[in-house]
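A short worksheet on the structure shown next.
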Number of protein chains: 2
Amino acid sequence: MASTLLTPGSNAERSRQYNRGLVLGHIRREGEAGRAEIARASGLSTQAVSNIIADLLADGWVVETGRRSGQRGQPAVTYAIRAEAGAALGVEIRPDAVLAAWIDLAGTVLHSARVALTRARPEDVLPVLQGLPGRVAGCSLIGAGVVMPGPVGVTGLSGQASELPGWGGIDAQVALEEALGLPVTVENDANTAAMAERVMGAAQGIDTFACLYFGTGLGLGLVAGGEVFGGAFGNAGEIGHIPVPTPEGPTRLEDVASRMALVRLLAEAGLHPATGDDLAALHAQAPPAYLDWLDRASTALGHAVLLLENLFDPETIILTGALPPPILDDLVARTPLPELSVSNRPDRRHPRLIAGRVGRRAATLGAAALVVNTALSPRLVATA
Amino acid sequence: MASTLLTPGSNAERSRQYNRGLVLGHIRREGEAGRAEIARASGLSTQAVSNIIADLLADGWVVETGRRSGQRGQPAVTYAIRAEAGAALGVEIRPDAVLAAWIDLAGTVLHSARVALTRARPEDVLPVLQGLPGRVAGCSLIGAGVVMPGPVGVTGLSGQASELPGWGGIDAQVALEEALGLPVTVENDANTAAMAERVMGAAQGIDTFACLYFGTGLGLGLVAGGEVFGGAFGNAGEIGHIPVPTPEGPTRLEDVASRMALVRLLAEAGLHPATGDDLAALHAQAPPAYLDWLDRASTALGHAVLLLENLFDPETIILTGALPPPILDDLVARTPLPELSVSNRPDRRHPRLIAGRVGRRAATLGAAALVVNTALSPRLVATA
DNA sequence: GTTGAACCTTCAAGTGAGTTGAGTTAATCG
DNA sequence: CGATTAACTCAACTCACTTGAAGGTTCAAC
């Protein structure tokens with residue numbers, strides 16, 4: 001509900017908040033850290049860091065974890081994030097269900113839930129959301145992230161077409177904040193999945209990366225400098241729609257590299273996997289239809305990798321989403337990495353393409369991860 | 001020379017500097033602005049803004065431009081950026097020459113120069129640079145931007161291959177700062193060209209856009225939230241290397257959409273334009289070879305537009321660089337804009353594709369514009 | 001084993017910048 | 001012309017960071 005200024009000015013209060021985020025962010029990155037070390041890293045005085053740490057201790061955000069000896073001089077007292085200090089709620093609204101997950105500051109999943117829907121209009125969804133915040137005891141909820149299909153963005157859904165009926169005319173963010181009673185961030189599935197990988201998955205410690213997300217189709221989440229990049233209107237990352245060359249002529253990427261494409265190819269071969277386990281079994285059984293898909297999909301993904309590396313120059317690219325891990329691994333192994341790329345360097349810290357570790361629920365968990373990431377990063381925010 | 005912290009903490013001094021940038025940025029965006037108005041926009045108190053404006057007046061950064069009447073209440077005193085308050089130097093280092101341009105805070109070109117080189121090793125270039133800062137009297141230089149070919153970025157050129165011989169082993173940024181005696185920002189040509197369009201060209205007032213730059217090949221400059229986006233290693237924007245479909249099969253974009261490609265096609269038709277004016281005349285003469293190139297290039301650019309819109313969702317895309325304006329206009333007019341794009345919306349504020357207005361010297365001027373943009377934007381910077 | 005350098009931490013005073021609230025000035029509106 | 005509205009200023013206040021001196025611990029060298 002906070003009226004957010006685009007670029008708020010800085011005053012004492014906002015400085016403090018920013019520096020708290022800076023300290024928390026450093027501790028999270030390092031796992032644990034001493035005060036003098038944080039002071040050196042941030043350019044703040046040790047005294048300032050001491051005061052902030054004292055605050056954070058009093059508020060329960062960090063805990064003392066011991067002393068770091070071995071060096072000359074007095075050993076530093078180290079601190080770590082207290083995972084239970086706060087929890088975040090992630091909500092995914094689908095046409096047929098609402099998925100929810102609660103995570104703590106360390107990214108541990110505390111609880112999750114699924115509520116089936118017959119319709120997903122606001123009047124069907126909002127009452128379901130009202131019951132969610134009370135579900136976890138002990139941890140105080142600091143915010144919620146919400147994943148919705150359709151173009152979302154800086155202006156919310158208002159005035160834009162959405163794939164969810166009935167949400168077109170209302171400001172989704174405001175309605176959701178009211179229903180949940182929490183600060184809400186709305187994002188698309190690929191972006192939240194990327195954040196899930198950053199907070200609790202394969203992208204920990206990586207600030208700039210791209211995430212290819214297998215949902216209904218294929219989405220792209222971009223993280224730059226530790227923050228989601230959504231484009232000018234929040235609709236960046238529609239990579240599924242771009243054409244890729246195939247032997248039969250150009251098609252859209254997600255017509256080849258997606259769960260839908262896999263299911264279609266399997267169906268043409270008379271296979272009808274019903275569950276996720278059925279899909280996971282494909283890796284071991286390796287039926288021709290699967291190998292065929294793998295071939296087409298990985299070739300197409302190679303094209304996507306080429307695009308992303310040349311346009312975005314990420315530290316790494318991550319495959320994640322609603323495909324079983326062995327299949328993601330197969331894709332990573334098979335995808336040809338282009339020789340001609342600015343990313344093809346010998347001094348890389350990370351492989352160019354890796355499989356995500358968050359799994360099927362990446363989008364829902366990522367919605368919550370978005371909130372955690374915000375809480376543990378410095379940012380100037382007006383609190384009017 | 002300043003040891004730059006990645007994320008510096010905020011203290012009173014840095015807050016002030018940040019808020020000064022905020023105030024200057026607001027005044028630049030609006031052209032002129034009153035104090036109360038700035039206070040509302042920034043969330044600062046009117047008193048704080050008053051104090052900052054008093055400082056800026058004393059230092060000569062802003063000037064009073066009158067009073068805004070017509071409203072009820074006491075009319076606001078308005079202020080505007082004083083263009084002569086500072087100047088920025090832009091330097092472009094090419095294998096055969098050093099280009100330089102001086103601009104003031106309003107983006108007006110004060111002076112420009114060209115020094116021919118036979119070689120462009122550091123020992124050839126650095127002495128030339130030493131003479132540049134003294135060239136403009138009156139305005140104090142606040143910094144320099146430098147454009148160099150080859151992969152540049154967060155680590156400078158050190159340890160990476162460069163297209164300029166002899167620069168591989170040294171830290172370019174440090175060497176350049178020493179030679180120029182100014183704070184230096186190193187960027188690639190496409191990114192500086194984008195900044196030129198933002199500060200003094202077709203992208204004024206646009207915060208998130210993509211810029212296709214016709215240099216030797218075809219480069220991409222990305223500006224997000226008013227800042228250049230360079231990728232994790234400073235090598236984002238290599239759009240020239242990506243494959244595009246053509247009737248004869250896929251080729252690299254810059255093999256079709258570039259000045260080089262135009263010159264080659266003209267040569268095959270027996271035409272050998274020697275000067276920029278010869279090229280500009282093509283628009284009027286419209287020889288078949290030119291029309292052929294136009295056809296191929298604009299089709300390929302249509303593909304690039306599709307990619308950029310779907311991956312980055314920019315407010316607009318700008319064509320700029322070393323092609324005469326009428327040719328850029330021809331390209332803009334001919335380039336097919338894909339129907340299937342998140343950018344194909346009715347409520348757009350800007351056309352999807354526009355021609356740049358900075359012209360041939362976009363990269364050099366943009367290097368200077370980069371400095372101006374930094375000076376007039378809020379940023380937390382440690383000044384150790 | 002003693003000495004001393006290196007290092008972390010705290011105390012207390014000081015500083016800079018933004019905030020607050022009352023008061024002043026100058027327009028427009030009825 | 002007075003009421004209202006809005007921009008601006010003054011002076012006291014508060015907050016958060018900095019500075020510099022002092023106190024503790026640890027390791028390493030003699």
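Chain naming here is simple, since letters A, B, ... match the order of the sequence lines and numbering starts at 1 in each.
Residues satisfying the salt bridge (charged side-chain N to carboxylate O under 4.0 Å, His left out) criterion with A:R72, sequence neighbours excluded, are absent altogether. A search for side chain to side chain contact (heavy atoms under 4.5 Å, CB included) contacts involving A:A106 returns A:A83, A:D104, A:T108, not counting sequence neighbours. The side chain to side chain contact (heavy atoms under 4.5 Å, CB included) check on A:N19 picks up A:L22, A:L44, A:I52, B:S10, with sequence neighbours excluded. Residues that satisfy the salt bridge (charged side-chain N to carboxylate O under 4.0 Å, His left out) test with B:E30, not counting sequence neighbours, are absent from this structure. Annotation: salt bridge (charged side-chain N to carboxylate O under 4.0 Å, His left out) contacts of B:E32 (sequence neighbours excluded): none. For A:A144, the side chain to side chain contact (heavy atoms under 4.5 Å, CB included) partners two or more places apart in sequence, or in a different chain, are A:L89, A:L180, A:L182, A:V184. Every residue two or more places apart in sequence or in another chain was checked for a salt bridge (charged side-chain N to carboxylate O under 4.0 Å, His left out) with A:R29, and none qualifies. Partners of A:E315 according to the side chain to side chain donor-acceptor pair (under 3.5 Å) rule, which considers only residues two or more places apart in sequence or in another chain, do not exist here.
For the salt bridge (charged side-chain N to carboxylate O under 4.0 Å, His left out) condition, the pairs that include at least one residue of residues 74-83 of chain B, sequence neighbours left out, are B:R82-B:E84.
Heavy-atom distances under 4.0 Å link DNA chain D to A:S45, A:Q47, A:A48, A:I52 of residues 45-55 of chain A, given in residue order. Of the residues in residues 27-37 of chain A, A:R35, A:A36 come within less than 4.0 Å of DNA chain C through at least one heavy atom, sorted by number.
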Where protein sits on nucleotides 23-30 of chain D, one letter per nucleotide: B base, S sugar-phosphate only, - none, heavy atoms under 4.0 Å: BBBBBS--
